[in-house]
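To start, the structure under review is shown below, and the notes come after it.
For the numbers below, each heavy atom of this structure counts, side chains included, while hydrogens, waters and symmetry mates do not. A, B, ... follow the sequence lines: proteins, then strands. Residue 1 opens every chain. As the structure is a prediction and not an experimental result, all values here were calculated from the model.
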Amino acid sequence: GESVGLHLPTLSVQEGDNSIINCAYSNSASDYFIWYKQESGKGPQFIIDIRSNMDKRQGQRVTVLLNKTVKHLSLQIAATQPGDSAVYFCAALHPGTYKYIFGTGTRLKVLA
Amino acid sequence: KAGVTQTPRYLIKTRGQQVTLSCSPISGHRSVSWYQQTPGQGLQFLFEYFSETQRNKGNFPGRFSGRQFSNSRSEMNVSTLELGDSALYLCASSLDRATDTQYFGPGTRLTVL
């Protein structure tokens with residue numbers, strides 16, 4: 001079946017360093033992807049999205065890269081801050097059914 | 001603009017009971033989606049409502065049902081609760097289409113004993 005997976009359940013980075021969170025998806029026809037951030041006790045918060053006609057998209061301190069050849073996307077966070085500590089997960093929109101398939105999440109820990 | 005609100009935030013039920021969860025979308029949003037989030041499975045899509053009609057459905061048993069009212073508020077119901085139904089239930093609203101950005105509420109934490 002359809003799946004979206006993240007490579008690491010936990011990622012620890014030093015404050016000020018850059019963070020890279022990876023995600024792989026199974027359906028090559030998926031054409032829309034979203035990264036969400038979920039802090040403890042809160043619902044997922046939209047960070048950035050990208051469509052399949054793009055390879056890269058930048059936001060404030062975040063960049064999403066999409067590699068359709070290997071069905072992989074990554075979220076890069078520049079100058080990671082303590083407030084970035086959360087669970088991050090990606091979602092892929094299944095074409096046709098318009099259902100989002102979510103990854104299980106990577107917990108980002110920012111070390112002081 | 002107020003965000004998505006969900007009530008109640010926490011619920012404790014016993015097996016066999018039923019439960020109703022409520023979601024109020026962002027003003028102007030007409031699409032409401034429900035998800036179940038568990039540590040092992042991540043977010044699983046339950047269903048989506050638009051203009052009081054179920055427009056999309058995930059792979060959950062018929063014990064899980066929902067509805068949407070004319071003001072776009074939505075409720076989901078789980079009947080004959082099982083231990084495995086313990087989860088965080090999240091509601092997300094978007095303007096119209098599934099590809100519109102979904103904004104999530106804080107969720108309802110359901111514990112089934």
Would a hydrophobic clustering, with Ile, Leu, Val, Met, Phe, Trp and Tyr connected at side-chain separations under 4.5 Å, put [X] with [Y]?
X: A/Tyr25; Y: A/Leu65; answer: no
X: A/Val64; Y: A/Met54; answer: yes
X: B/Phe50; Y: A/Leu93; answer: no
X: A/Ile20; Y: A/Ile47; answer: no
X: B/Trp34; Y: B/Tyr103; answer: no

Practice task
Name the orientation class of the two ring planes belonging to B/Tyr35 and A/Phe102 (parallel below 30°, tilted from 30 to 60°, perpendicular beyond 60°).
Solution key: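 Ring orientation, 0 to 90° scale: perpendicular.
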
Practice task
Taking B/Asn56 for its side chain and A/Thr97 for its backbone only, find out whether a donor-acceptor pair lies under 3.5 Å.
Solution key: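 Side chain of B/Asn56 to backbone of A/Thr97, a donor-acceptor pair under 3.5 Å: yes, one is there.
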
Handout entry: Side-chain donor/acceptor of A/Lys99 to backbone N/O of B/Phe45, under 3.5 Å
Key =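 Not confirmed, A/Lys99 side chain does not pair with B/Phe45 backbone.
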
Near [X] [atom1], under 6.0 Å, is it more than 12 heavy atoms from other residues, nucleotides or ligands?
X: B/Arg15; atom1: CZ; answer: no
X: A/Lys42; atom1: NZ; answer: no
X: B/Asn59; atom1: CG; answer: no

Measuring from [X]:[atom1] to [Y]:[atom2], what's the distance to the nearest 0.5 Å?
X: B/Thr101; Y: A/Ile48; atom1: OG1; atom2: CD1; value: 11.0 Å
X: A/Phe89; Y: B/Gln37; atom1: CZ; atom2: CD; value: 5.5 Å
X: B/Gln102; Y: A/Asp49; atom1: CD; atom2: CG; value: 11.5 Å

Exercise for the section: Decide side-chain contact (heavy atoms from CB on, under 4.5 Å) for A/Gln38 and B/Leu88; before the verdict, give the C-alpha distance in whole Å, the side-chain angles of both, and the deciding distance to 0.1 Å. Expected result: CA-CA 13 Å; A/Gln38 187 173 22; B/Leu88 180 68; 4.0 Å; yes

Practice task
Begin from the C-alpha positions of A/Gln45 and B/Phe104 and carry the test side-chain contact (heavy atoms from CB on, under 4.5 Å) through to its verdict.
Solution key: CA-CA 7 Å; A/Gln45 175 188 358; B/Phe104 284 85; over 6 Å; no

Checking [X] against chain A: side chain, backbone, both or neither under 4.5 Å from a heavy atom?
X: B/Arg109; value: neither
X: B/Gln6; value: neither
X: B/Leu43; value: both

Exercise for the section: Specify the closest pair of heavy atoms between B/Leu90 and A/Gly43, including all atoms of both residues, with the distance to one decimal. Expected result: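 Smallest heavy-atom distance, with atoms named: CD2-CA, 4.0 Å.
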
